[in-house]
Amino acid sequence: THGTDWHCSGHDEDEEGDDHEEHEHVPYVDMQQKRWDLRGELSDPLPGFGLARLRIGHSDYQHDEVEGGEVGTRFNNDATNARLELTHLPLFGWRGVVGAQTLRRDFEALGEEAYVPPTLTRNHGLFLLEEYTAGDWRYELGLRHEWQDIEADGQRDTDHSGTSVSAGAVWTFAPEYSLGFSLSRSQRLPTAEELYANGPHAATRTVELGNVDLEEETSHNAEVTLRKFAGRTTFSFSLFRNQVDDYIYAADTGHDIGGDYREIEYRQDDAVLTGAEGEVRFQATDATALTLFGDHVRGKLRDRGGDLPRIPADRLGV
């Protein structure tokens with residue numbers, strides 16, 4: 001009901017007309033999306049490769065925020081992404097996939113709440129995933145490098161790149177149980193909203209301030225997972241710790257801007273996130289299973305102290 005005054009009154013001869021006038025001013029979102037997908041596979045595409053898999057998708061998205069019968073803000077998002085994977089034949093016992101991915105995203109917001117200028121994002125990546133099995137152990141390796149450039153109307157263009165690498169092992173120490181370990185070093189590139197936002201965002205009741213000088217996040221992660229994967233009762237429990245350099249987050253500036261809005265500013269600080277997640281599943285009958293699940297995460301600023309804002313609440317479900 002942003003921007004609308006609501007009034008309550010007793011029943012009188014003008015009630016029907018009053019209701020009609022109020023309904024005309026109820027804000028709503030008029031949203032539509034068209035999506036096209038192409039998927040294909042080819043066996044034995046090249047010497048040394050057993051399978052090629054191609055995925056191409058295009059999405060044409062638009063939504064209008066309508067208030068008082070008028071379009072206040074219009075969001076347009078045209079995105080095309082493609083992914084090619086080549087599965088190679090076993091090489092010294094290793095099985096894996098090498099591939100490439102590309103994304104083109106054309107985004108614009110027009111109107112009174114256009115908090116981000118029109119931007120064109122191009123992102124390209126190369127990746128490699130490998131797996132090796134020896135007895136009760138399975139070893140996994142991953143490598144990815146990506147490049148990104150963003151063009152923004154009236155703003156300085158930005159370009160970033162990042163490299164991520166991971167290694168893990170899974171030990172099947174009993175017929176129905178496994179213990180997994182993983183270490184990774186990953187990088188995340190800033191988004192157009194984090195770089196260029198400058199204005200009110202009604203969906204979150206915030207005035208957002210981007211930072212065009214944001215750099216890549218670099219995270220060092222460790223995780224251990226205990227899993228029971230067979231039988232009527234199965235479960236999975238994980239503990240993780242992520243130590244992130246230059247973590248990007250939305251900090252509350254504390255400025256009083258009125259209108260039930262808060263002002264937030266995208267900043268970077270070193271952070272530590274620790275947490276746990278788990279799930280227990282019981283197959284009650286052939287057709288019915290019951291699941292209990294939950295997770296917890298705690299985020300803190302590493303050097304200056306204090307909690308990270310906007311960290312998800314604890315979750316417990318059945």
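No experiment lies behind these values; they were computed from the predicted model shown.
- For the residue pair Thr119 and Ala192, the shortest heavy atom distance occurs at OG1-CB, 3.7 Å.
- Hydrophobic clustering, with ILVMFWY side chains joined whenever heavy atoms are under 4.5 angstrom apart, keeps Leu183 apart from Val244.
- Residue His58 forms a side-chain hydrogen bond (donor to acceptor under 3.5 Å, both in side chains) with just one option from Asp78, Asp37, Thr80, and that option is Thr80.
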- [ ] Begin with the C-alpha distance, continue with both residues' side-chain angles, and end with the deciding distance and a verdict on side-chain contact (heavy atoms from CB on, under 4.5 Å) for Glu279 and Thr291.
- [x] CA-CA 7 Å; Glu279 176 181 293; Thr291 302; 3.5 Å; yes

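- For the pair Pro175 and Phe229, the tightest heavy-atom approach, listed with the atom from each and the gap, is O-CZ, 3.5 Å.
- In this structure, the side chains of Thr253 and Arg267 come closer than 4.5 Å at one or more pairs of heavy atoms.
- With contacts defined as side-chain heavy-atom distances shorter than 4.5 Å, the pair Ser59/Asn77 does not qualify.
- Looking only at distances, a side-chain donor or acceptor of Lys228 sits under 3.5 Å from a matching main-chain atom of Thr233.
- Counting heavy atoms from C-beta outward, Leu301 and Leu308 have side chains that approach closer than 4.5 Å.
- Side chain of His88 to main chain of Gly96: a donor-acceptor pair is present (N/O by atom type, distance under 3.5 Å, no hydrogens or angles).
- Salt-bridge check for Arg122 with Glu151: passed, with a basic side-chain N closer than 4.0 Å to an acidic carboxylate O.
- In terms of heavy-atom proximity, Ile264 sits nearest to Ala250 at CD1-CB, 3.8 Å.
- Using a 4.5 Å cut-off on side-chain heavy atoms (C-beta onward), Tyr247 and Arg302 make no contact.
- Under the 4.5 Å side-chain heavy-atom criterion for Ile, Leu, Val, Met, Phe, Trp and Tyr, Leu195 and Tyr266 are members of the same hydrophobic cluster.
- Without hydrogens or angle criteria, Gln268 side chain to Asp246 main chain gives a donor-acceptor distance under 3.5 Å.
- Salt bridge status for Asp213 with Arg156: present, with a side-chain N to carboxylate O gap under 4.0 Å.
- Here the straight-line distance linking atom CG of Asp260 with atom OG1 of Thr206 works out to 12.5 Å at 0.5 Å rounding.
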- [ ] In sequence, state the C-alpha distance, the side-chain angles, and the governing distance for His145 and Gln187, and then conclude on side-chain hydrogen bond (donor to acceptor under 3.5 Å, both in side chains).
- [x] CA-CA 9 Å; His145 185 76; Gln187 289 190 300; over 6 Å; no

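- Using a 4.0 Å cut-off between a side-chain N of Lys or Arg and a carboxylate O of Asp or Glu, Lys34 and Asp60 do not qualify as a salt bridge.
- Within the structure, every pair that satisfies the salt bridge (charged side-chain N to carboxylate O under 4.0 Å, His left out) test and touches residues 80-96, not counting sequence neighbours, is listed here: Arg53-Glu85, Arg83-Glu85.
- Taken to the nearest 0.5 Å, the OG atom of Ser166 stands 12.0 Å off from the CZ atom of Arg185.
- In this structure, Asp64 contributes its side chain and Val66 its backbone to no donor-acceptor pair below 3.5 Å.
- Using a distance-only test at 3.5 Å, with no hydrogens or angles considered, a donor-acceptor pair links the side chain of Glu216 to the main chain of Ser161.
- By the 4.5 Å heavy-atom criterion applied to side chains, Phe237 and Arg227 are not counted as neighbours.
- Thr225 places none of its side-chain heavy atoms less than 4.5 Å from the side chain of Phe240.
- For the ring-ring contact (aromatic ring centres under 6.0 Å, His included) condition, no pair includes a residue of residues 271-303, sequence neighbours left out.
- Residues Arg144 and Leu126 fail the side-chain proximity criterion, which asks for heavy atoms closer than 4.5 Å.
- The closest side-chain heavy-atom distance from Glu146 to Asn123 is below 4.5 Å.
- Judged purely by atom type and a 3.5 angstrom limit, Gln283 uses its side chain to pair as donor or acceptor with the backbone of Thr285.
- In this structure, Arg281 has no salt bridge (charged side-chain N to carboxylate O under 4.0 Å, His left out) partners at least two apart in sequence or on a different chain.
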Open item on the list: Determine whether Phe75 and Phe107 satisfy the following criterion, side-chain contact (heavy atoms from CB on, under 4.5 Å), listing intermediate values before the conclusion.
Closed with: CA-CA 8 Å; Phe75 294 90; Phe107 173 79; 3.8 Å; yes

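- Arg232 places a side-chain N or O within donor-acceptor distance of the main-chain N or O of Ala284, the cut-off being under 3.5 Å.
- For the atom pair Arg74 CZ and Glu65 CD, the distance stands at 11.5 Å (nearest 0.5 Å).
- Judged by distance alone, the side chain of Thr172 and the main-chain N or O of Ala174 form no donor-acceptor pair under 3.5 Å.
- Of the possible donor and acceptor atoms, none in the side chain of Gln101 sits under 3.5 Å from a partner among the backbone N and O of Phe127.
- Listed by chain and residue number, Phe49, Leu86, Leu128 satisfy the side chain to side chain contact (heavy atoms under 4.5 Å, CB included) test with Val98 (two or more places apart in sequence, or in another chain).
- Qualifying side chain to side chain contact (heavy atoms under 4.5 Å, CB included) partners for Thr191, counting only residues two or more places apart in sequence or in other chains: Arg188, Glu193, Glu194.
- Closest non-hydrogen pair, Ala230 versus Glu176, comes out as O-OE1, 3.5 Å.
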TODO: Would you please test Ser219 and Asn242 for side-chain hydrogen bond (donor to acceptor under 3.5 Å, both in side chains) and show each step?
DONE: CA-CA 6 Å; Ser219 178; Asn242 302 335; 4.9 Å; no

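- The ring of Trp147 has its center no closer than 6.0 angstrom to the ring center of His124.
- Remark: Leu143 CG to Thr163 OG1 distance equals 7.5 Å, nearest 0.5 Å.
- Side-chain contact annotation: Glu263 with His255, donor-acceptor N/O pair under 3.5 Å present.
- Nearest heavy atom pair, residue Pro45 against residue Ala52, reads CG-CB, 3.7 Å.
- Salt-bridge formation is detected for the pair Arg298/Asp307: a Lys NZ or Arg NE/NH1/NH2 atom is positioned less than 4.0 Å from an Asp or Glu carboxylate oxygen.
- Separation of atoms OH (Tyr249) and CD1 (Ile311) is listed at 11.0 Å; rounding is to 0.5 Å.
- We find the OH-OH distance between Tyr196 and Tyr115 to be 14.5 Å, quoted to the nearest 0.5 Å.
- Residue-environment remark: CZ (Arg35) exceeds the threshold of 12 foreign heavy atoms within 6.0 Å.
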Open item on the list: Using side-chain contact (heavy atoms from CB on, under 4.5 Å), reason through Val272 and Arg241 one step at a time and then give a plain yes or no.
Closed with: CA-CA 7 Å; Val272 176; Arg241 175 184 171 89; 3.5 Å; yes

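- When every heavy atom of His160 is checked against every heavy atom of Leu214, the shortest pair comes out as NE2-O, 3.0 Å.
- Side-chain contact annotation: Asp159 with Gln148, donor-acceptor N/O pair under 3.5 Å absent.
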- [ ] Evaluate side-chain contact (heavy atoms from CB on, under 4.5 Å) for His220 paired with Asp245, printing each intermediate quantity in order.
- [x] CA-CA 8 Å; His220 297 85; Asp245 297 332; 4.3 Å; yes

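- By the side chain to side chain contact (heavy atoms under 4.5 Å, CB included) test, Ala167 pairs with Leu141, sequence neighbours left out.
- In this structure, Trp171 has its ring center under 6.0 Å from that of Phe173.
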